[in-house]
Amino acid sequence: MPPCDCVDRDLLVVKAIFFFFFSGMACVSPYMSIYMRHLGLRPSQTGVITATKNFMSALIKPLLGSIADKSGRPKVVAILTVLAATALHFSLMFVPPVPSSAAPQTTRQQERRRLEEDNHTKTTCSLPVGVGRAMDLRGVDDAHTQPWFSLTFWLVFWVMFTSHGAQWSSTSQVEAATYQIIKKKDDSTFGRQRLWGSMGFGLFSLLSAVAMDTFTDDPGNKTDYSVTFYMFLAFMLVSLGFLFFLDDWSTGPSVAFLEGVSELLSHLHLVIFLFAVLLLGAYDGAGDTFMYWHLKDLGASQTVIGINMFVRTVVEVPLFLVSGWFIDKIGHVWALQLSFVVFALNFLGYSLIGNPWWAVLIDVIHGYQAITWTAATSYASVSARDDLQAVAQGIVSATFYGLGYGVGNLVSGPVFHHYGAVGLFRSLTVCCLVGFVLFYLLYRCYGKRGVCTDPDTEEEDTAPMLVSAAVMPKPGAFLHGGSVTTEAGETLGSLRIVRPQSKQDGNEIRQFSP
């Protein structure tokens, strides 16, 4: 039986890869910071580990993207990176907790917390709940005498250091493959493919949380995380299998890594855009790492955290569907500009809550990140040649999840330790508003000229020339028709009118019908 014409095999495989890959990551990624807390690590240690792994991924992602482009075998590179990173991530399940000498201290910490609550009732009763809890946690952390560079710290550090960049670089390569495929299909958009990743992430972040609460023997503080690691392994193996079925998306050997990066970064508008992506990555990294820690401090169960993650990712699904239309209407720059406002509202809400269930309602607006990511990746795609697509996506991913998350976690760890969650989230609110103004001024002054991705850009600076200046007809000449093609040989359409070029009446010779 011939295959159904309404089903595109290539895009069906892409959807499956996104769904199962993000389903697997949903089982461990949202809970990694509280898993480190479960192992007995401090907030400052968690911040250092998270920042270092993200800095490392900032180097690994574009490097692997360049290797994929240069070798002409991006599919093989993606399969090997997923396989290696999955094995390393799964090994975190076997990391031992902090030495047993900290166990008796836990009881003393709980006693000290009760004493602090009794001694500071008059102070904390006039403050938001988050502030009082943050004050208690700083006392608990000071009372913890476990060595800073413990075996647990080093094991988690090196596993995360080596695996994180490789794990997420594969998604950048699949995103590059997706853009190569949809360039040939006018009725397909990136958001319609990527939303399947959000669906998987939202669904199994909830189910994995319920599984942890269900399979935990002790209903107290000791959550059993092993079930989520087994779920992670199963989903990653399935996504790996679908990678084998994806057609190789190579466009031929590419330029050298440094040469490709230099070429992309030679465009000032792209550098300014990446600067905004860096700031948003820093804000998102700081919020994601310590938001769930904050909810745990407010008494949230794993199920509450899972519902929170489910809501924030499910909201992304319809936004991914309309992301292409939305960006076409307001442009890439304003789509990214609004991200600063959404992040600011999100962080302000986190700083005001005293009940973890309020975070579920607040995170509805977090779904706008679907448009943020679509705007960032599509802007990089239209700014890069076909042989630099994987490098371009690697740079965007490394900037947001690598450098951005690294800076955010490196700074937010000490802030969370000294000022608590309320101080951290209100500081991030102010930083988001500063970033909004800074990006607007930089792009308005230096990045706008010569860019054709936004509707408010002046036409005289951006209108593409369908014929070169060397062969431009003289005034009074006639065009007798013909096809118009891109440099890659793809036919765009044909010239359909015959009209003399006149300086007086302003008639255009570049009228075009697709």
Side-chain angles (χ1 to χ4, degrees), residues 25 27-60 84-110 112 134 137-168 212 221-226 228-229 232 282 285-294 296-297 401-403 405-421 424:
M25 293 307 298
C27 297
V28 295
S29 181
Y31 311 108
M32 192 52 63
S33 63
I34 53 177
Y35 180 65
M36 294 184 206
R37 167 179 168 159
H38 171 80
L39 293 176
L41 299 179
R42 306 175 183 180
S44 53
Q45 291 173 313
T46 301
V48 168
I49 292 173
T50 309
T52 307
K53 68 167 181 149
N54 286 315
F55 283 135
M56 185 62 182
S57 69
L59 298 175
I60 291 179
T86 299
L88 288 170
H89 262 85
F90 184 72
S91 68
L92 286 172
M93 187 179 71
F94 306 102
V95 173
V98 167
S100 57
S101 59
Q105 189 68 22
T106 302
T107 304
R108 293 197 295 272
Q109 290 169 7
Q110 294 174 350
R112 177 168 179 167
L137 287 174
R138 292 200 301 276
V140 170
D141 195 70
D142 291 338
H144 204 295
T145 58
Q146 58 115 336
W148 215 90
F149 296 105
S150 61
L151 175 64
T152 303
F153 171 82
W154 284 119
L155 288 175
V156 176
F157 177 89
W158 286 112
V159 170
M160 299 299 293
F161 182 80
T162 54
S163 65
H164 183 76
Q167 186 80 48
W168 288 104
M212 281 186 280
N221 295 326
K222 293 296 183 181
T223 302
D224 184 4
Y225 287 88
S226 61
T228 62
F229 280 99
F232 160 78
D288 275 1
T289 299
F290 292 104
M291 191 267 284
Y292 295 115
W293 196 306
H294 180 45
K296 271 291 187 181
D297 296 338
Y401 290 109
L403 292 175
Y405 263 52
V407 171
N409 284 286
L410 195 62
V411 175
S412 61
V415 173
F416 183 88
H417 174 68
H418 292 289
Y419 301 102
L424 172 64

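None of the values given here were measured: they were computed from a predicted structure.
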Tell me if the CH2 atom of Trp158 is crowded by more than 12 foreign heavy atoms within 6.0 Å.
no
Let me confirm one number: the NE2-CD1 distance from His294 to Ile34, rounded to the nearest 0.5 Å.
13.5 Å
Distance check, rounded to the nearest 0.5 Å: Ser33 atom OG versus Lys296 atom NZ?
10.5 Å
Would you say Met32 and Met160 make side-chain contact, with heavy atoms under 4.5 Å?
yes
Which pair of non-hydrogen atoms, one from Ser412 and one from Leu424, has the smallest distance, and what is that distance?
CB-CD1, 3.7 Å
Please check: side-chain N/O of Thr152 versus main-chain N/O of Pro97, any donor-acceptor pairing under 3.5 Å?
yes
From CD1 (Ile49) to CE (Met36), nearest 0.5 Å:
5.0 Å
Between Tyr31 and Phe229, ring centroids under 6.0 Å
no
In Å, rounded to the nearest 0.5 Å, how long is the span from OG1 of Thr46 to CZ of Arg37?
9.5 Å
Go through it in stages, so that I can follow the logic: the residues are Met93 and Tyr225, the test is side chain to side chain contact (heavy atoms under 4.5 Å, CB included), and I'd like the CA-CA distance, side-chain angles, deciding distance and then a yes or no.
CA-CA 8 Å; Met93 187 179 71; Tyr225 287 88; over 6 Å; no
Atom CZ in Phe157, atom NZ in Lys53: separation rounded to 0.5 Å?
12.0 Å
Any side-chain heavy-atom pair from Tyr405 and Asp288 closer than 4.5 angstrom?
yes
Can you give me the closest heavy-atom contact between Ser163 and Ala85, atom names plus distance?
O-CB, 3.6 Å
So Leu155 and Pro96, do their side chains get closer than 4.5 Å, heavy atoms only?
yes
Interatomic distance, CZ@Phe232 vs CG@Leu92, rounded to 0.5 Å, equals 8.5 Å
Does Val156 reach the side chain of Leu39, with side-chain heavy atoms less than 4.5 Å apart?
yes
Considering all heavy atoms, the nearest Leu410-Pro414 contact:
O-CD, 3.2 Å
Walk me through whether Met212 and Thr228 qualify under side chain to side chain contact (heavy atoms under 4.5 Å, CB included).
CA-CA 7 Å; Met212 281 186 280; Thr228 62; 3.3 Å; yes
